[in-house]
**Q** 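The structure that follows is given in the form of structure tokens.
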Amino acid sequence: MPLTEVTNNSGVSSPQKSGAKREREMAPPSPNFWKKRRTDSMVLEEMADEKHDLVTPPETMDWLIDAIKAKGDKLFKLDDEFMTNFKDAEPPFGFNGLGQLVYARTYSRIKPDGTNEKWVDTIQRVVEGVFEVQKVYCTEVLKTSWDETKAQTAAQDMFDRMFHMKFLPPGRGLWAMGTSIVRDKGLGAALNNCAFVSTEDVTKDPARPFVFLMDASMLGVGVGFDTEGAGKLMVHQPKEPKATHVVGDTREGWVESLRVLLNSYFVEGSSKTEFDYSQIRPAGLPLKTFGGFSSGADPLKDMHERICGVLEKNVGSTMTVTTIVDIMNLIGKCVVAGNVRRTAEIAFGNANCEEFLNLKNYEANPHRAEYGWTSNNSVFAEVGMDYVLASENIQKNGEPGFAWLDNMQSFSRMRGRPDHRDHKVKGGNPCLEQSLESMELCCLVETFPNHHEDLEDFKKTLDMAILYAKTVTLITVHWPATREVMYRNRRIGCSVSGIAQFITSKGLHTLQKWLEAGYFHLFQEDRKISKFFKVPNSVKLTSVKPSGTISLLCGATPGVHYPESRFYIRRVRMAKNFPMLQKLKEAGYTVEPAVGSEESTVVVEVPVDVGNGIRGVAEVSMWEQLCLAAFMQRHWADNQVSATVTFDPEKEGPQIAHALQYFQYQLKGISFLPRHDFGAFPQMPYEAIDEEKYKKELAHITALPFADTDGLPPRTRSTIQDQEDTTHKMEDAFCDGDKCIMPTRK
């Protein structure tokens, strides 16, 4: 029985109806009505408790790497005849070429023949990578037969839906799936979006939370962390003579150097460490696996020196809240300046901890001004708490955000009935769309309901979306503790974007029907896939992520958020030597030097029309934004809804504490951002314009020179993406790029 049959009983009468009928409709529901509701609520619980045979999960990626080495070629290929249908097909990139530009700049990889991928090449690589993993998993891990005909049918359907952008993997999936990152190196973590690590048990392995954050960040994974370890671990003075540690010129080498440094202070009696950086390659040399150029040893040296300074101040007492966050933030600063240019962190603290609330008060903590920006800070809120003090801080700078941990642990979708299926959850990811246990990673995938004609088509897309995400859970990660929790939970986050566009075109009531039916369908499909792969059912399935570049590719509004306005200018920053820059100028796009980085970076302006009838965010009240987040948390997200509510500081700011009193029962997390006149700053990513200016800007554009990437000269990704100025990280924000970043509030 579909869930929608029991969730649309409103009992609201119409003035035109007769008195008798109105009385019947206003009468209390019959006992059968409540029995029906209980029965449908229990359907999902019964499905969640279903058992099936499980296979012992592998501890390494040898099963995939060895099979690929033995074959020496791709182990799964889409049918050549099928692929000819897409040879000349034009991808449905969105926003007047903005999607094409973002794709060419960010996701088009260099092919073995020295040319750049087209969209069709990227999707083919991704889909073949997904089914290659499935094929080897079935034959090598499950030791079962592989039905090539059925696989080919499913792969073609997945390809078609990705190509037409009905759903897309996360940006890191577009970049890494089907490449040597997975096939040769087995770095499964690079396909996951987000992670969380707790410091609660810091006394067991003092360096582990910090080392995990650095390792994951260097793989492009955004990481949340808490401050529960404050007051538990004594910081000791390292002893002389010094012990020399040679830092290896690898990700593992950098991470190990952090472990050695921290243990010299955390393990009593340890020697003071002196680092030898001679093996680290000089700055400017190319990095093969993830692209970019070597930063040299300077960022690592700076991190070592600063962390020593932080710990020296803490010697002789237990580790403080500030020390924990300082170390994590300094790691983030090193990663941003080092071989991965972007990352994300979120720090969680006690709502009543004045020390935590003041971390971004740089008058009180001037030493943090240089690196405090690397994390957004949220508090673990408690239902019934006083929100006045936190709300006053929000009105100043938008922080802290709120995470109701008890709600995260107690509820799947927030429908009034706790199920406690996720009671081991300790926190969340940087964008807070995922509830996570400590050391847990999660893969997100994004669907676009407004790109579908009907519900049945949307359900078919959900089949492919969950198949992609569930396949990623088969790929082993290199942290034993993470493997244990991920193998047990198999958590995924199937997200929906373009919600504002869907509401505008089809209405809120239709959205509610699609979400309810879609969620129930996903639940059923997860059980089928889990049984086939002999893995546990996923503890959670759905999220609403904030989105970023992925929504730009297909012309969708990001997650639950409304656009700046219907018409706006979107500014994209890129390296001055971007190969397509001259073509953009010739086509009439405005291209100008980036303010403050004139020698290395330019800004390209693209006029955007989000769609007829859609409202800008300034037209949507704070209360309506909160209602929409709660609506999605009730009808779709069993993980969480990532929502940043913009508000008028003068008119709506004083109402935040009152609003939180109501919505604390309906949400798992929320953040706020005061709405200011961003036009006062030069070259902001978004600039609202009217229709007249939009048409005027569009009239200058005579062609779209980046319909494909044939005109690009051979290059590495680093020449385009990694030379960009990183001072404006808002541009490619959130957990869907090739690396996880998000807007930080300094």
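Small disclaimer: the values here were computed from a predicted structure and weren't measured. Quick note: numbers below take in every heavy atom, side chains included, and nothing from hydrogens, waters or symmetry partners.
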**Q** Assess the side chains of Asp276 and Thr244: does a donor N or O sit below 3.5 Å from an acceptor N or O?
**A**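 No donor-acceptor contact under 3.5 Å links the two side chains.
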**Q** Take Lys540 and Ser412 through the test side-chain contact (heavy atoms from CB on, under 4.5 Å) and record every step on the way to the result.
**A** CA-CA 7 Å; Lys540 295 283 181 66; Ser412 292; 3.6 Å; yes
**Q** Backbone N or O of Ile327 within a donor-acceptor pair of the Arg306 side chain at under 3.5 Å?
**A**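 Between the backbone of Ile327 and the side chain of Arg306 there is no qualifying donor-acceptor contact (under 3.5 Å).
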**Q** Looking only at heavy atoms, what is the nearest atom pair of Tyr468 and Cys443, with distance?
**A**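 Heavy atoms of Tyr468 and Cys443 come nearest at CE2-SG, 4.0 Å.
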**Q** Report the C-alpha distance between Asn639 and Ser435 in whole Å, list the side-chain angles of each, state the deciding distance to 0.1 Å, and finish with yes or no for side chain to side chain donor-acceptor pair (under 3.5 Å).
**A** CA-CA 6 Å; Asn639 282 290; Ser435 309; 4.7 Å; no
**Q** Give me the atom names and distance for the closest heavy-atom approach of Gly173 to Val126.
**A**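 What the structure gives for the nearest pair is O-CG2, 3.7 Å.
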**Q** For Glu446 and Ser497, test the side chains for any donor-to-acceptor distance below 3.5 angstrom and give the result as yes or no.
**A**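 Result is yes, a qualifying pair exists.
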**Q** So, the side chain of Asn263 versus the backbone of Phe266: is there a donor-acceptor pair under 3.5 Å, distance only?
**A**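 Not a single qualifying donor-acceptor pair exists.
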**Q** Of all the heavy-atom pairs spanning Gln279 and Val246, show the shortest one and how long it is.
**A**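 Smallest interatomic distance, heavy atoms only, reads NE2-CG1, 3.5 Å.
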**Q** Heavy atoms only: give me the nearest Cys442-Gly493 pair and the separation to one decimal.
**A**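 Taking every non-hydrogen atom into account, SG-N, 4.0 Å.
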**Q** Compile the donor-acceptor pairs under 3.5 Å between side chains in residues 477-485 and protein atoms, sequence neighbours left out, one pair per line.
**A**
| unit_1 | atom_1 | unit_2 | atom_2 | d |
| --- | --- | --- | --- | --- |
| His478 | NE2 | Asp215 | OD2 | 2.9 |
| Trp479 | NE1 | Asp215 | OD2 | 3.0 |
| Thr482 | OG1 | Met439 | O | 2.7 |
| Arg483 | NE | Glu59 | O | 3.4 |
| Arg483 | NH1 | Glu59 | O | 3.2 |
| Arg483 | NH1 | Val477 | O | 3.0 |
| Glu484 | OE2 | Arg488 | NE | 3.2 |

**Q** Would a 4.5 Å heavy-atom cut-off, applied to side chains only, mark Lys239 and Ser270 as touching?
**A**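 No, too far: nothing below the 4.5 Å cut-off.
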**Q** Regarding Asp201 and Lys232, does a basic nitrogen lie under 4.0 Å from an acidic carboxylate oxygen?
**A**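 No, no charged N to carboxylate O under 4.0 Å.
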**Q** Quick one: are Phe196 and Ile346 in side-chain contact, heavy atoms under 4.5 Å?
**A**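 No, too far: nothing below the 4.5 Å cut-off.
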**Q** Are there more than 12 heavy atoms of other residues, nucleotides or ligands under 6.0 Å from atom CD of Glu354?
**A**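 No - once you tally the heavy atoms of other residues, nucleotides and ligands closer than 6.0 Å, there are 12 at most.
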**Q** Can you tell me how far the CG atom of Leu262 sits from the CE atom of Met214, to the nearest 0.5 Å?
**A**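 Output value for this atom pair is 10.0 Å.
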**Q** Could you pull out the closest heavy-atom pair between Ile670 and Ala643, with the gap in Å?
**A**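 Here Ile670 and Ala643 meet closest at CD1-O, 3.6 Å.
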**Q** Find out whether Leu357 and Leu389 are in side-chain contact, i.e. whether some heavy atom of one side chain is under 4.5 Å from a heavy atom of the other.
**A**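 Of all side-chain heavy-atom pairs linking Leu389 with Leu357, at least one is under 4.5 Å.
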**Q** Give the C-alpha distance, both sets of side-chain angles, the deciding distance and a yes or no for side-chain contact (heavy atoms from CB on, under 4.5 Å) between Val379 and Asn350.
**A** CA-CA 6 Å; Val379 296; Asn350 188 294; over 6 Å; no
**Q** Rounded to the nearest 0.5 Å, what separation is found between the OG1 atom of Thr199 and the CG atom of Leu213?
**A**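 Spacing of OG1 (Thr199) from CG (Leu213) equals 11.5 Å.
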**Q** Determine yes or no for a side-chain-to-main-chain donor-acceptor pair under 3.5 angstrom, with Asn192 supplying the side chain and Gly188 the backbone.
**A**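 Side chain of Asn192 to backbone of Gly188: a pair is present.
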**Q** Is there a ring pair (Phe, Tyr, Trp, His ring centres under 6.0 Å) between Phe402 and Tyr387? Walk through the geometry before answering.
**A** CA-CA 10 Å; Phe402 298 90; Tyr387 295 98; 5.8 Å; yes
**Q** Rounded to the nearest 0.5 Å, what separation is found between the CD1 atom of Ile492 and the CG atom of Leu444?
**A**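 CG of Leu444 is found 9.5 Å from CD1 of Ile492.
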**Q** For His423 and Ser410, run side chain to side chain donor-acceptor pair (under 3.5 Å): C-alpha distance rounded to whole Å, both residues' side-chain angles, the deciding distance at 0.1 Å, then the answer.
**A** CA-CA 6 Å; His423 63 278; Ser410 301; over 6 Å; no
**Q** Between Ser264 and Leu261, does a side-chain contact (heavy atoms from CB on, under 4.5 Å) hold up when you go through it step by step?
**A** CA-CA 5 Å; Ser264 70; Leu261 174 61; 4.2 Å; yes
**Q** When you compare the side chains of Ser198 and Glu228, does any donor N or O come within less than 3.5 Å of an acceptor on the partner?
**A**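 No, no side-chain donor-acceptor contact under 3.5 Å.
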**Q** Check the side chains of Tyr137 and Thr471 for a donor-acceptor pair under 3.5 angstrom, ignoring hydrogens and angles.
**A**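 The answer is no; no qualifying pair exists.
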**Q** For a quick test of reading the model, state the closest non-hydrogen atom pair linking Val496 to Val544 and the distance between them.
**A**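 Residues Val496 and Val544, closest heavy atoms: O-CG1, 3.8 Å.
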**Q** For a 4.5 angstrom cut-off between non-hydrogen side-chain atoms, does Val182 reach Leu64?
**A**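 In contact.
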**Q** Hey, could you give me the CZ/CZ distance between Arg259 and Phe212, rounded to the nearest 0.5 Å?
**A**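 Answer rounded to 0.5 Å: 12.0 Å.
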**Q** Indicate whether any N or O donor in one side chain lies under 3.5 Å from an N or O acceptor in the other, for Lys242 and Thr273.
**A**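 Lys242 vs Thr273: no donor-acceptor pair found between side chains.
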**Q** Distance alone, cut at 3.5 Å: any donor-acceptor contact between the side chains of Thr476 and Thr60?
**A**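 Result is no, nothing qualifies.
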**Q** Could you please spell out the steps behind the salt bridge (charged side-chain N to carboxylate O under 4.0 Å, His left out) verdict for Glu440 and Lys426?
**A** CA-CA 10 Å; Glu440 186 177 14; Lys426 294 292 185 180; over 6 Å; no
**Q** Will you find, in the side chains of Ser295 and Asp298, an N or O donor that is under 3.5 Å from an N or O acceptor?
**A**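 Absent: no donor and acceptor within the cut-off.
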**Q** Just say parallel, tilted or perpendicular for the rings of Tyr277 and Phe275, cut-offs at 30° and 60°.
**A**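 Tilted: the ring planes of Tyr277 and Phe275 meet at 30° to 60°.
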**Q** Please examine the side chains of Arg491 and Leu441, heavy atoms only from C-beta on, and report whether any two atoms are closer than 4.5 Å.
**A**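 Leu441 vs Arg491: side chains apart.
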**Q** Go through Thr473 and Tyr487 one step at a time and tell me if the side chain to side chain donor-acceptor pair (under 3.5 Å) criterion holds.
**A** CA-CA 8 Å; Thr473 73; Tyr487 283 158; over 6 Å; no
**Q** So Glu433 and Val641, do their side chains get closer than 4.5 Å, heavy atoms only?
**A**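 A side-chain contact under 4.5 Å is absent here.
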**Q** Under the side-chain contact (heavy atoms from CB on, under 4.5 Å) criterion, do Asp422 and Gln409 qualify, and how do the steps go?
**A** CA-CA 5 Å; Asp422 227 0; Gln409 295 171 336; 5.8 Å; no
**Q** I'd like to check Val336 versus Lys333 (side-chain heavy atoms, cut-off strictly below 4.5 Å). Are they in contact?
**A**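 A side-chain contact under 4.5 Å is absent here.
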**Q** Would Ser391 and Asn393 count as having a side-chain donor-acceptor pair, cut-off 3.5 Å?
**A**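 Absent: no donor and acceptor within the cut-off.
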**Q** For Leu667, is there any backbone N or O sitting under 3.5 Å from a side-chain donor or acceptor partner on Asn407?
**A**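 Judged by distance alone, yes, a pair lies under 3.5 Å.
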**Q** How about Tyr265 and Pro238: do any of their side-chain heavy atoms sit closer than 4.5 Å?
**A**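 Yes, close enough: below the 4.5 Å cut-off.
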**Q** Does the salt bridge (charged side-chain N to carboxylate O under 4.0 Å, His left out) test come out yes or no for Arg368 and Asp326, once each step is laid out?
**A** CA-CA 7 Å; Arg368 290 183 42 79; Asp326 278 354; 2.6 Å; yes
**Q** Report yes or no: do Thr374 and Asn329 form a side-chain donor-acceptor pair below 3.5 Å?
**A**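 Judged by distance alone, the side chains do pair up.
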**Q** So Phe348 and Phe380, would you call those rings parallel, tilted or perpendicular, with 30° and 60° as cut-offs?
**A**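 Ring orientation, 0 to 90° scale: parallel.
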**Q** Measure the NE2-OG distance between His561 and Ser551 for me, rounded to the nearest 0.5 Å.
**A**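 So the gap between those two atoms works out to 10.5 Å.
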**Q** CD of Glu355: more than 12 outside heavy atoms within 6.0 angstrom?
**A**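 Correct, the count exceeds 12.
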**Q** Has Arg172 got a side-chain atom pairing as donor or acceptor with Gly220's backbone, closer than 3.5 angstrom?
**A**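 It does hold such a pair.
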**Q** If I take atom NZ from residue Lys185 and atom CD1 from residue Ile65, how far apart are they, to the nearest 0.5 angstrom?
**A**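 So the gap between those two atoms works out to 9.5 Å.
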